[in-house]
S.K.: 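Structure provided below as structure tokens; questions to follow.
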Amino acid sequence: MRAPARLASVPASPRLGRRRREGKVELWTEAVGSLPPVYGERWSEFGDRLYRAFDPYRSKLAAALVHDWEGRLPTLGERWLYLGAASGTTASHVADLLGPDGRLYALERSLRPFARLLDLSGRWPNLLPILADARDPARVSGLVPPVDGLYMDIAQPDQLAIARENAAWFLRGAGSACLIALKTASLGRELAPAQHLARAEQTVSAWLDLETSVKLDPFHRAHYLLGGQVRPALFGSPPSSATTRPAVRFRGRPRR
Ligand SMILES: C[S@@+](CC[C@H](N)C(=O)[O-])C[C@H]1O[C@@H](n2cnc3c(N)ncnc32)[C@H](O)[C@@H]1O
């Protein structure tokens with residue numbers, strides 16, 4: 001494999017680089033893992049650091065960042081839960097943002113992408129893959145400790161209920177971050193994308209203090225990324241499904 005090219009300039013923040021080139025915004029994350037590329041992305045050296053191009057056409061989070069996302073982001077040393085990690089395209093960049101001392105619990109239901117995610121985790125030490133259905137958080141409660149943030153990208157008609165359920169199970173408490181990629185086509189064709197967004201914002205406002213919603217066109221048509229901090233009410237009210245949250249929320253390994 002060819003050695004990565006050298007970047008002339010980068011970073012604004014510790015692990016996220018942003019630069020403008022030929023009128024376009026380029027994003028880079030400092031790699032926690034090692035080559036080969038996860039999805040064919042470019043790698044570049046800057047000083048003694050290795051950065052990976054973060055492609056807005058491949059990742060909704062990158063698309064939101066190109067659109068000047070002002071919401072919370074995964075940050076150095078935090079623990080996040082990712083629902084719908086697929087084969088790790090965005091998840092690997094989230095893990096990069098968390099850095100080597102952070103942890104990403106990456107949940108995926110389908111076997112084929114999960115096999116690639118598992119393979120990726122062998123060279124991305126802070127990414128922990130979990131094969132499970134996000135509709136059943138109780139089944140993974142022993143594997144996922146309380147987390148600082150939740151990122152969801154599962155494109156299901158009941159995705160907001162699933163997000164709420166997992167937020168209640170796994171987020172540390174009020175003020176924790178929640179980012180939801182909303183695919184309006186999965187919510188039905190009877191409403192326009194903007195109407196779906198308005199309805200979704202109304203629905204989540206019961207438990208999420210929304211900071212921002214960003215339209216992801218032209219990178220991801222009719223998608224939005226919503227972000228905010230969970231409200232105290234989330235932890236005081238009963239979950240929306242039949243699943244009952246245990247009195248002790250984390251029954252697995254002790255907290256680090
Ligand atoms: C749009 S893709 C995710 C792309 C990925 N987030 C990325 O940016 O690289 C949605 C993924 O969610 C998974 N998924 C759908 N429903 C799920 C569920 N109930 N539990 C867990 N994963 C689910 C699908 O198998 C699929 O891999």
Side-chain angles (χ1 to χ4, degrees), residues 16 27 29 31-33 37-41 52-67 69 73-74 80-98 104-121 124 126-141 143-144 147 149-170 177-187 193 196 200 214 216-217 219-227 239-243:
L16 175 68
L27 299 168
T29 61
V32 163
V38 178
Y39 57 99
E41 77 282 5
R52 311 164 53 220
F54 192 11
D55 183 348
Y57 285 98
R58 301 293 301 274
S59 167
K60 288 154 206 145
L61 181 58
L65 287 164
V66 169
H67 285 315
W69 173 257
L73 282 176
W80 280 57
L81 171 62
Y82 191 126
L83 305 178
S87 50
T89 299
T90 302
S92 60
H93 288 287
V94 170
D96 285 349
L97 296 176
L98 296 173
L104 182 65
Y105 298 86
L107 193 140
E108 171 54 47
R109 173 178 80 167
S110 302
L111 211 46
R112 192 175 293 206
F114 183 78
R116 294 206 295 272
L117 188 67
L118 193 60
D119 184 50
L120 174 70
S121 69
W124 237 265
N126 64 346
L127 190 156
L128 294 98
I130 299 171
L131 179 64
D133 190 328
R135 288 198 178 89
D136 195 0
R139 292 194 74 148
V140 296
S141 62
L143 300 173
V144 183
V147 293
L150 174 69
Y151 184 93
M152 153 178 270
D153 181 13
I154 65 170
Q156 296 285 349
D158 57 342
Q159 69 169 106
L160 297 179
I162 298 173
R164 182 191 185 285
E165 194 75 12
N166 280 270
W169 269 84
F170 298 115
C178 183
L179 274 58
I180 303 172
L182 192 73
K183 181 179 180 180
T184 61
S186 300
L187 303 175
H196 275 304
V214 170
L216 305 181
D217 290 71
F219 306 106
H220 304 271
R221 285 193 55 196
H223 284 75
Y224 296 85
L225 189 69
L226 282 58
S240 56
S241 80
T243 319

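Indexing begins at 1, ligand by ligand and atom by atom, following the structure's order. Along the sequence shown, residues carry numbers from 1.
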S.K.: What do we get for Leu107 next to ligand 1 when only non-hydrogen atoms under 4.0 Å count, side chain, backbone, both or neither?
M.R.: side chain
S.K.: Could you tell me whether the side chains of Ser92 and Arg52 share a donor-acceptor contact shorter than 3.5 Å?
M.R.: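 The criterion, which ignores hydrogens and geometry beyond distance, is satisfied for Arg52 and Ser92.
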S.K.: Please could you name the atoms of ligand 1 that Gln156 approaches to less than 4.0 Å, counting only its heavy atoms?
M.R.: 15 (C), 16 (N)
S.K.: Salt bridge or not for Lys183 and Asp153, using N-O below 4.0 Å?
M.R.: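 No salt bridge links Lys183 with Asp153.
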S.K.: Can you name the atoms of ligand 1, numbered from 1 with element, that are less than 4.0 Å from a heavy atom of Asp133?
M.R.: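 By the 4.0 Å cutoff, the relevant atoms are 18 (C), 19 (N), 20 (N).
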S.K.: Can you pull out the closest protein heavy atom to atom 10 (C) of ligand 1? Residue, atom name and distance to 0.1 Å, please.
M.R.: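 For this ligand atom, the closest protein heavy atom is Asp153 O, 3.3 Å.
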S.K.: Hey, can you tell me if Tyr57 and Phe219 have their rings parallel, tilted or perpendicular (30° and 60° cut-offs)?
M.R.: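 Plane angle over 60°, so perpendicular.
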S.K.: Atom CZ of Arg109 and atom CG of Asp136: how far apart are they, to the nearest 0.5 Å?
M.R.: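 It is 12.0 Å, given to the nearest 0.5 Å.
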S.K.: Does any non-hydrogen side-chain atom of Ser87 lie less than 4.5 Å from one of Tyr39?
M.R.: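 The answer is no; the side chains never approach within 4.5 Å.
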S.K.: Identify the protein heavy atom lying closest to atom 1 (C) of ligand 1, giving its residue, its atom name and the separation to 0.1 Å.
M.R.: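 Of the protein heavy atoms, Lys60 NZ, 3.5 Å lies nearest.
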S.K.: Any side-chain heavy atom of Leu128 sitting closer than 4.5 Å to one from Val144?
M.R.: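 They are not in contact (no side-chain heavy atoms under 4.5 Å apart), so the answer is no.
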S.K.: With the side chain counted from C-beta on, respond yes when Tyr224 and Val214 share a heavy-atom pair under 4.5 Å apart, and no when they do not.
M.R.: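 No, side chains not in contact.
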S.K.: Among protein heavy atoms, which lies nearest atom 7 (C) of ligand 1, and at what distance?
M.R.: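 Among all protein heavy atoms, the one nearest atom 7 (C) of ligand 1 is Thr90 OG1, 3.4 Å.
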S.K.: Quick check on contacts: which atoms of ligand 1 are under 4.0 angstrom from a heavy atom of Glu108?
M.R.: 11 (C), 12 (O), 13 (C), 24 (C), 25 (O), 26 (C), 27 (O)
S.K.: Counting distance only, does the side-chain N/O of Thr29 pair as donor-acceptor with the main-chain N or O of Leu97 below 3.5 Å?
M.R.: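 No; judged by distance alone, with no hydrogens or angles, the pair does not exist.
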S.K.: Below the 3.5 angstrom mark, is there an N/O of Tyr151, backbone or side chain, next to an N/O of ligand 1?
M.R.: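 There is no such contact.
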S.K.: Relative to the heavy atoms of Ala132, which atoms of ligand 1 are at a distance of less than 4.0 Å?
M.R.: 20 (N), 21 (C)
S.K.: Which of the atoms of ligand 1 are close to Ser110, meaning less than 4.0 Å from one of its heavy atoms?
M.R.: 25 (O)
S.K.: What's the shortest distance from atom 12 (O) of ligand 1 to any protein heavy atom, and which residue and atom give it?
M.R.: Gly84 CA, 3.5 Å
S.K.: Under 4.0 Å from any heavy atom of Tyr82, which atoms of ligand 1 are there?
M.R.: 5 (C), 6 (N), 7 (C), 8 (O)
S.K.: Do Tyr151 and Ile180 pass the side chain to side chain contact (heavy atoms under 4.5 Å, CB included) test, and can you show the C-alpha distance, the side-chain angles, and the key distance before you say yes or no?
M.R.: CA-CA 6 Å; Tyr151 184 93; Ile180 303 172; over 6 Å; no
S.K.: Who gets closest to atom 14 (N) of ligand 1 by heavy atom: Ile154, Asp158, Val38?
M.R.: Ile154
S.K.: Looking only at protein heavy atoms, which one is nearest to atom 20 (N) of ligand 1, and what is the separation?
M.R.: Ala134 N, 2.9 Å
S.K.: Hey, is Leu83 one of the residues with a heavy atom under 4.0 angstrom from ligand 1?
M.R.: no
S.K.: Any side-chain heavy atom of Asp217 within less than 4.5 Å of one from His223?
M.R.: no
S.K.: Quick one: look up the protein heavy atom nearest atom 21 (C) of ligand 1 and list residue, atom name and how far away it is.
M.R.: Arg109 CB, 3.3 Å
